[in-house]
Amino acid sequence: MPGATSCVTRRTLLRAATVSAATAAAVPVLGPSTPATPAPPRPRPAAAPGRTDPLFRELDKKIRAGMAAYGIPGAAVGVLYRGTEYVKGYGVTNVDYPVPVDGDTVFRIGSTTKTFTGTTVMRLVEGGRLALDAPVRRYLPEFRTAEPSVASRVTLRQVLNHTAGWLGDDYQDTGAGDDAAAQYVAGMVRLPQLSPPGAVFAYNNAAVELAGRVVERVTGGPYESAVRDLLIDPLGMTHSRYFVNEVIGLNVAASHRVADGKPVVAPSDFALPRSLAAAGGLISSARDQLRWARFHLGDGTVPGSRTRLLTRRSLVAMRAHPGPGGTLYVEIDGVGVTWMLRPSAQGVRIVQHGGDTPGQHSGFLLVPDRGFAFTLLTNSEGGARLVLDLFADDWALRRFAGLSNLPARPHALSRRELARYEGRYTRQEVDEAGQLVTLEQEEVFAEKGGLVATVEAKPVGRLAFYRPDHALALTPDGEDTHTRVDFVRGAGGRVEWLRSGGRLSRREMAGK
């Protein structure tokens, strides 16, 4: 439920920003390998700030403590702070065959991949080949949705800002061929429409996969090739690839599950269906992720060169004009072009993403007004909790950027007020076999001024309200999980949805 301390299941995948669980079918992802272009010079730290700056010593201590507590064998961090880069590896890539992690070790970055998809779209927008406010049907006339009128109305911008409105968790595996994205999009007609396009934020992997298919249509080649040609190779990101066969020879962080508090290698978990490439398929390193951050904090040129990929105006537009807001573990003002736009108590905007695949959890954020960037990659299920500690909590933001979360002081509600939220909440998704399944049903009821959530009569979490329709997610024992949720009302003002982890769970009235 709302908390982020539950075990990882085999049903959740590619959650953004900060997340608690992930999965994918164990299907090899194979594809063509093309030679890398020579990389521009990589900026290096002027000094090793971790040896002298107490902030970096504190960060090291925080990461090492989290690795020990949560069963994380390896991690890599990248920080851009006051013009200086700090890149460091911790632990090992694999508990069975231990090799030290360094800044060039490659991990799956999960949903931060979406920002590469969005930035590729922006390059095509600047080239006059796409328009953000054009209907998707302009580029994919064959696109169909469960509600026929939606397919003709939904725009590329709505696809990229998670307001398309259909069920977003579709994990069907359509094979390893170059037609994987086309087959995936054809299958989206099965996805129920939850809200009108543009009306409600609900995290949507399927929508971003649709954007990847649009990229294929206008470029005339596979999605992965377009991203490499337009972004990855020009930026010199030599440790960022989509296909497993392209990272052979690099230092690869293996995926791990956690059993009895100890990490256990899970080799098959590293695989990901090619149909999910645009939403979460990229493999990358902390050093490359920091290069990605420098590009997005810059003027649109390749860091260290005069080669221009985008205008500054387009970069700014990606993190502006958000769609409807809500919660995604933290409160967000909404989503720009694939970037989560997060408010702070100081009025300075935080630009954030992150992601999860089985046994690989990551976080990524930028603060353009502070010139600050922070990324963390981990190779264990337990990494989800460390990502929450560092990216949903404001621990790192307060120390490095002087920012904090919006205040959230819980207060008790009356029994009458709480009755507006009570009921059974259910969520659906499409599994790897393409079947629409209903996940566990949560019963939510009032207790001691807040709400308790149960599954099969067992408490799984508590909700403590801090403002109308917004609550902190706590463990059954009342421990803070650094996670916020909210309730979404319908046109008549009745609570219709619980939004947790950016997903919508439909409400049924209590006792029905």
Side-chain angles (χ1 to χ4, degrees), residues 29-38 113-145 151-152 154-160 164 170 172-189 205-238 240-246 272-284 292 295 300 302 307-311 314 317-318 337-338:
V29 182
L30 301 175
S33 177
T34 57
T37 57
T113 303
K114 291 179 173 67
T115 67
F116 286 78
T117 303
T119 308
T120 299
V121 167
M122 289 304 291
R123 286 216 67 188
L124 296 169
V125 168
E126 280 202 354
R129 303 170 74 180
L130 290 174
L132 288 176
D133 295 310
V136 171
R137 275 264 182 95
R138 176 182 295 181
Y139 311 106
L140 296 176
E142 71 276 17
F143 177 57
R144 294 188 302 146
T145 51
S152 62
V154 69
T155 67
L156 187 56
R157 186 187 299 276
Q158 290 164 345
V159 162
L160 294 170
D170 181 355
Q172 61 174 316
D173 181 1
T174 55
D178 284 351
D179 63 345
Q183 290 191 48
Y184 180 96
V185 168
M188 286 174 58
V189 68
N205 286 302
V208 180
E209 285 300 328
L210 174 61
R213 177 60 183 148
V214 170
V215 168
E216 290 189 336
R217 176 60 57 86
V218 300
T219 61
Y223 159 83
E224 301 90 346
S225 298
V227 181
R228 278 197 61 173
D229 292 345
L230 294 173
L231 290 175
I232 291 174
D233 286 350
L235 285 169
M237 299 177 68
T238 57
S240 298
R241 296 289 181 265
Y242 281 93
F243 298 111
V244 171
N245 65 314
E246 293 180 306
L272 192 75
R274 189 174 181 185
S275 53
L276 304 179
L282 192 62
I283 303 164
S284 189
W292 184 237
F295 172 68
V302 174
T307 302
R308 178 166 297 282
L309 301 184
L310 282 174
T311 63
S314 287
M318 289 188 67
V337 177
T338 62

Aromatic rings Tyr242 and Tyr223: how do their planes relate, parallel, tilted or perpendicular, breaks at 30° and 60°?
-> perpendicular
Distance col, row Ile283:CD1 vs Arg241:CZ, nearest 0.5 angstrom, shows 10.5 Å
Close side-chain approach of Tyr184 and Leu276, heavy atoms under 4.5 Å | yes
Starting at OG1 of Thr117, measure out to CZ of Arg213 and round the result to the nearest 0.5 Å.
-> 14.5 Å
Does a donor on one side chain and an acceptor on the other come within less than 3.5 Å for Trp292 and Ser284?
-> no
Heavy-atom donor-acceptor pair, Thr145 side chain to Ala151 backbone, under 3.5 Å = yes
Please confirm whether the backbone N or O of Leu282 pairs with a side-chain atom of Thr113, one donor and one acceptor, at under 3.5 Å?
-> yes
Shortest non-hydrogen contact from Gly175 toward Asp173 | N-OD1, 3.0 Å
Any chance you could measure Asp170, atom CG, to Leu210, atom CG, to the nearest 0.5 Å?
-> 11.5 Å
Does the pair Arg123/Glu126 count as a salt bridge with the N-to-O cut at 4.0 Å?
-> no
Using a cut-off of 6.0 Å, state whether more than 12 heavy atoms not belonging to Arg144 lie near its atom CZ.
-> no
Under 3.5 Å, is there a donor-acceptor pair between the side chain of Arg217 and the main chain of Tyr139?
-> yes
Within the side chain of Glu209, is there an N or O that forms a donor-acceptor pair under 3.5 Å with the backbone of Ala278?
-> yes
State, to 0.1 Å, how close Leu160 and Gly118 come at their nearest heavy-atom pair, and which atoms those are.
-> CD2-CA, 4.5 Å
Shortest non-hydrogen separation from Phe295 to Gly300 and the atoms involved = CE1-O, 3.4 Å
Roughly how far apart are Gln183 CD and Met188 CE, rounded to 0.5 Å?
-> 14.5 Å
